[in-house]
Amino acid sequence: MLIFSVFKTLTDQRVTVELKNDLCITGVLKSVDQFLNIRLDAIKVLDEARHPHMMAIKNCFIRGSVVRYVQLPAEHVDTQLLEDATRREAANQAKR
Amino acid sequence: MDETTPPPPPNEASPPPPPPITTSGSPTDFLKGVVGKRVIVRLTSGVDYRGVLSCLDGYMNIALEQTEEHVNGTLTNRYGDAFVRGNNVLYISAAEAL
Amino acid sequence: MDPSSTGIQEPFDLIRLSLSERVYVKLRGDREVTGILHAYDGHMNLILSDVEETIMIVDVDAPLEERRAVKMAKRKMEMLFVRGDGVILVSPPSRT
């Protein structure tokens, strides 16, 4: 849930999603769900020469399970807040 | 041979020692027994981690201390502490007497 | 009674104690990253900053015994989400 919340705070920011098949897609994060499925708008594929079939695509839905990394805009991530939230979630998990 | 009587079995009076715990008990008993001991953790990739088992959980996530990484027999890395994600684990083997 | 000298009770304690520290993460696909850990969850999804990724490129033509990384591709990323299913191992900085 914690990571889901982080992604929700980053909606309308530009992110770069790297898939497990090495495809890198940069776009505006439009929405995310609990599985970390991601909807991107105004997308751009990094290596267009290698993936010419992606050129016509303006927006996409990415299944969470095929994601390797997401590069986040550091200026919109409060690292102190993240660490506190992570400790809180870890404490709640331990109680169960 | 002229000797016909076989030698008597040694100390017939005392019962045989109980079998070592390694040969009995449930998998959970084994895992409880190896905590704090030297173990070899083999991953499905074939990589081995040798170290002292700090603890583990129900997903077989594992915390190791003084860990050595071995790839087909050769030492490739050392870690003071290491967390291994359970889905990668093939087996845990005791590397010292329990 | 502690099972070990460090007094951690479950594997995730090791990760929790590494928050805001630089960690080493070994990933599937001959990849490694180091970065400062800011968040994680029970899937081992991670958020790291000041990240350096190393990709080992293995020579598949070499005989099996000497298939070491022949090339290392490195890159840096400011803030990175790493999906947990790719994680093999996480190692905190040594606390000696």
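Computed over heavy atoms, backbone and side chain alike; hydrogens, waters and symmetry mates excluded. This is a predicted model, so every value here is computed, not measured. Letters A, B, ... mirror the listed sequences (proteins, then strands); counts begin at 1.
We find the CG-OH distance between C/Leu89 and B/Tyr49 to be 5.0 Å, quoted to the nearest 0.5 Å. In this structure, the separation between CD on B/Glu69 and OG on C/Ser91 is 10.0 Å, given to the nearest 0.5 Å. Here CG of B/Asn88 is found 10.0 Å from NZ of C/Lys26. Values are rounded to the nearest 0.5 Å. Between atom CZ of residue C/Phe12 and atom CG of residue B/Asn61 there is a gap of 4.5 Å, rounded to the nearest 0.5 Å. Considering CG of B/Leu43 and CZ of C/Arg28, their distance stands at 9.0 Å, rounded to 0.5 Å.
Side-chain contact between C/Val90 and B/Tyr79: absent, with no pair of heavy atoms (C-beta onward) separated by less than 4.5 Å. Proximity of C/Leu14 to B/Ser54: side-chain heavy atoms (C-beta onward) are nowhere separated by under 4.5 Å.
A distance-only check finds no donor-acceptor pair linking the side chain of B/Arg85 to the backbone of C/Gly86 [under 3.5 Å]. Side-chain atoms of B/Asp81 do not come within 3.5 Å of backbone N or O of C/Ile15 as any donor-acceptor pair.
The number of heavy-atom neighbours closer than 6.0 Å to NZ of B/Lys32, taken from other residues, nucleotides and ligands shown, is 12 or below. Residue C/Glu78 qualifies as open at atom CD: its count of foreign heavy atoms under 6.0 Å is 12 or below.
Summarising the geometry of B/Cys55 relative to C/Pro11, their closest heavy-atom pair is SG-N, 3.4 Å, with the distance given to 0.1 Å.
Proximity to chain C is absent for every atom of B/Tyr59, based on heavy atoms less than 4.5 angstrom apart.
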Criterion side chain to side chain contact (heavy atoms under 4.5 Å, CB included) on B/Phe83 and C/Ile88, from CA distance to verdict: CA-CA 8 Å; B/Phe83 171 102; C/Ile88 296 172; over 6 Å; no
